[in-house]
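Contents: one structure, followed by commentary.
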Amino acid sequence: QFVKRVQQSNMLLLNCHKLQESMLSSASSFRNYRGVLNWCVVMLVLSNARLFLENLLRYGILVDPIQVVSLFLKDPYSWPAACLVIVSNVFIFVALYTERKLAMGSISEKVGLLIYIFNLTVILCFPMVVVLKLPSITPVGGAFTLGVYTILFLKLYSYKDVNRWCRVRTQVKARSPSSPSASSCMQSHVSYPGNLSLRDMYYFVFAPTLCYELNFPRSESIRMGFLLRRLFEMVGNCTLLYSVKPVFILQEMDYSRMTERLLRLAVPNHLIWLIFFYCFFHSSMNFVAELLRFGDREFYRDWWNSETITYFWQNWNIPVHKWCLRHFYKPLLRRGAGKLLSQSAVFFASAFFHEYLVSVPLRMFRLWAFMGMMAQLPLAWFVAKFLRGNYGNAAVWLSLIIGQPIAVLMYVHDYYVTHCQDDPTITEAL
């Protein structure tokens, strides 16, 4: 053994090379780029700090707290958007009352379905009418209100489906003898209809998920350090969102000038989107999940590695993806619809809600968001068929960096022409 060790050490001294790829090569198995990510963060902070100091020295402090408040309120003594959010509790009570009556057998399934159809329809139509008819609601306040009602619509739809599944399961169990072992292991969990309580309903309403369950996974305790870090990130990112504002002059432009404006808008718009993604899907949702001890923290997956458009839409917003898969896509498949038709229906519904959340607060209907979402279908087919690997990933990033500013530029131009062109103060400011 001693001789073998000596021979091995001599071989190591003689041969110091082996067959291997460079770490940055695509053929290498190396995947740990954490240091590069930290370098990007440091460079981003330093470059923006320089820009911040340069603007501070040149223009002074431009952030006005009154302007921030005016984004949500036109009159400090009138809070129509907040009142609309409070009114949404009525629809929650209607859903809970309906489920209790269905559980007791006081109303039939058909009557319960009609009540839900009316309740869910009013959830979408009522705030839309109020936002369109009430000029005191600002576009930001209207978008926030409609976002709350849209989330409530998706949550109550899931609440309806899951409780209906529980009733069907209960009826099936009533016809067959239940095993004592299964009932004993479920004693520590909530079972139907014990979940039909205000506490359970409002936990689901505030939980960072759109899919209802009788027993959500729960963490053991609230980590104060984690909570404070997420709070600090939320405050910092909201400040950045307000600070990164692209400014450009709206005027008669030829195609070359329009392209220049689009490219000027692309980078800051993309930075705003990335900051919003981190602030909402990581900081805010983890903050709420930690407060409620909500255990499932998979709010997003590695969408930045997407090599197809489909993979991106399946992984950048997991709560919405889970809802679409559970309550829309799979039910369509069970009813005999094909995969292509079901996928197209999901994109159509997503396009509708995108347009709903943009056009109604702006009080103009241009369908740019709707057409942008529907354009994802042929784009997804093209990328999946002709582009692979790094080329597909580059195409996904390009669609995010260039595609969104096109829609933003269209809405900004149309909003300026519709609402601001005849206002001399706004025209002079631009």
Side-chain angles (χ1 to χ4, degrees), residues 34 37-38 41 45 68 72 81-82 85-86 88-89 91-93 95-96 99 144-145 147-159 161-163 166 185-242 273-304 315-323 325-327:
R34 185 71 184 181
L37 177 62
N38 292 334
V41 172
V45 170
V68 178
F72 296 89
V85 173
I86 294 173
S88 66
N89 288 279
F91 305 101
I92 297 173
F93 292 143
L96 181 58
E99 286 299 336
F144 174 78
T145 303
V148 170
Y149 273 82
T150 301
I151 292 172
L152 185 61
F153 171 87
L154 299 176
K155 282 177 177 281
L156 293 185
Y157 192 97
S158 179
Y159 190 74
D161 274 358
V162 173
N163 282 297
C166 288
C185 69
M186 294 295 291
Q187 286 179 357
S188 59
H189 292 71
V190 176
S191 58
Y192 185 83
N195 63 307
L196 303 179
S197 63
L198 276 174
R199 179 187 178 91
D200 180 89
M201 169 63 94
Y202 274 96
Y203 181 87
F204 172 54
V205 168
F206 287 103
T209 181
L210 299 175
C211 294
Y212 178 68
E213 288 183 17
L214 273 67
N215 298 282
F216 290 104
R218 305 289 293 273
S219 56
E220 295 182 357
S221 60
I222 298 176
R223 299 166 293 177
M224 291 306 300
F226 181 88
L227 204 65
L228 291 175
R229 285 196 298 273
R230 300 290 83 80
L231 181 62
F232 176 76
E233 289 174 355
M234 289 162 59
V235 174
N237 285 319
C238 288
T239 305
L240 278 176
L241 282 174
Y242 184 77
W273 184 82
L274 289 175
I275 294 169
F276 166 78
F277 168 81
Y278 188 87
C279 180
F280 185 78
F281 285 97
H282 185 75
S283 302
S284 301
M285 297 187 78
N286 270 291
F287 179 83
V288 176
E290 192 68 24
L291 272 180
L292 299 177
R293 294 174 45 230
F294 185 81
D296 188 0
R297 309 292 176 90
E298 191 186 37
F299 306 124
Y300 55 89
R301 298 192 189 114
D302 60 334
W303 57 265
W304 45 87
N315 291 276
W316 94 277
N317 188 341
I318 294 300
V320 170
H321 173 65
K322 283 183 178 179
W323 188 94
L325 199 65
R326 186 192 198 195
H327 299 285

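Nothing here was measured: the structure is a model prediction, and the numbers come from that model.
Other residues, nucleotides and ligands contribute at most 12 non-hydrogen atoms within 6.0 Å of the OH atom of Y157. Crowding of E220 atom CD: a count of heavy atoms from other residues, nucleotides or ligands under 6.0 Å not exceeding 12. At most 12 heavy atoms of other shown residues, nucleotides or ligands fall within 6.0 angstrom of atom CZ in F206.
By the 4.5 Å heavy-atom criterion applied to side chains, P319 and C211 are not counted as neighbours. Counting heavy atoms from C-beta outward, L156 and M201 have side chains that approach closer than 4.5 Å. R326 is listed as a side-chain neighbour of V162, based on a closest heavy-atom distance under 4.5 Å.
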Under the criterion side-chain contact (heavy atoms from CB on, under 4.5 Å), I'd like the reasoning laid out for R301 against I318: C-alpha separation, chi angles, the key distance, then a yes or no.
CA-CA 7 Å; R301 298 192 189 114; I318 294 300; 3.5 Å; yes
Going through the distances and angles, do L227 and F287 end up as a side-chain contact (heavy atoms from CB on, under 4.5 Å)?
CA-CA 6 Å; L227 204 65; F287 179 83; 3.7 Å; yes
As a quick check of understanding, evaluate side-chain contact (heavy atoms from CB on, under 4.5 Å) for V205 and I92, giving each step before the final call.
CA-CA 9 Å; V205 168; I92 297 173; 3.9 Å; yes
Please test N317 against W323 for side-chain contact (heavy atoms from CB on, under 4.5 Å), starting from the C-alpha separation and ending with a verdict.
CA-CA 10 Å; N317 188 341; W323 188 94; over 6 Å; no
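To the nearest 0.5 Å, the span separating CG on N195 from NE2 on H189 amounts to 13.5 Å. Here E298 contributes atom CD and H321 contributes atom NE2; the two are 9.0 Å apart, rounded to the nearest 0.5 Å. For the atom pair Y203 OH and L292 CG, the distance stands at 5.0 Å (nearest 0.5 Å). In this structure, CE in M234 is found 7.5 Å from OG in S283, a value given to the nearest 0.5 Å. Atom CG of N163 and atom CG of L96 lie 9.0 Å apart (nearest 0.5 Å). The structure places SG of C279 at 12.0 Å from CE of M285, a figure rounded to the nearest 0.5 Å.
Although no hydrogens or angles enter the test, the distance criterion places no donor-acceptor pair under 3.5 Å between the side chain of S219 and the main chain of G295. Side chain of D161 to backbone of S158: no donor-acceptor contact under 3.5 angstrom is found. No donor-acceptor pair under 3.5 Å is formed between the side chain of Y278 and the backbone N or O of E233. When atom types are taken as modelled, the side chain of N286 and the backbone of H282 share a donor-acceptor pair closer than 3.5 angstrom. Side chain of N215 to main chain of V190: a donor-acceptor pair is present (N/O by atom type, distance under 3.5 Å, no hydrogens or angles).
The aromatic rings of F216 and F294 sit tilted relative to each other, their planes meeting at an angle between 30° and 60°. Note on ring orientation: taking the six-membered ring where Trp is involved, the planes of F204 and Y212 are perpendicular (angle over 60°, cut-offs 30° and 60°). Note on ring orientation: taking the six-membered ring where Trp is involved, the planes of W273 and W303 are perpendicular (angle over 60°, cut-offs 30° and 60°).
Taking both residues in full, the closest heavy atoms of V288 and P208 are given as CG1-CD, 4.1 Å, listed atom of the first, atom of the second, then distance.
In summary, the aromatic rings of F281 and F299 are positioned with their centroids too far apart to meet the 6.0 Å limit.
Between L210 and the choices H327, K155, K322, the side-chain contact (heavy atoms from CB on, under 4.5 Å) rule is met once, by K155.
A cation-pi geometry, defined here as NZ or CZ lying under 6.0 Å from the six-membered ring centre and within 45° of its normal, holds between R230 and F226.
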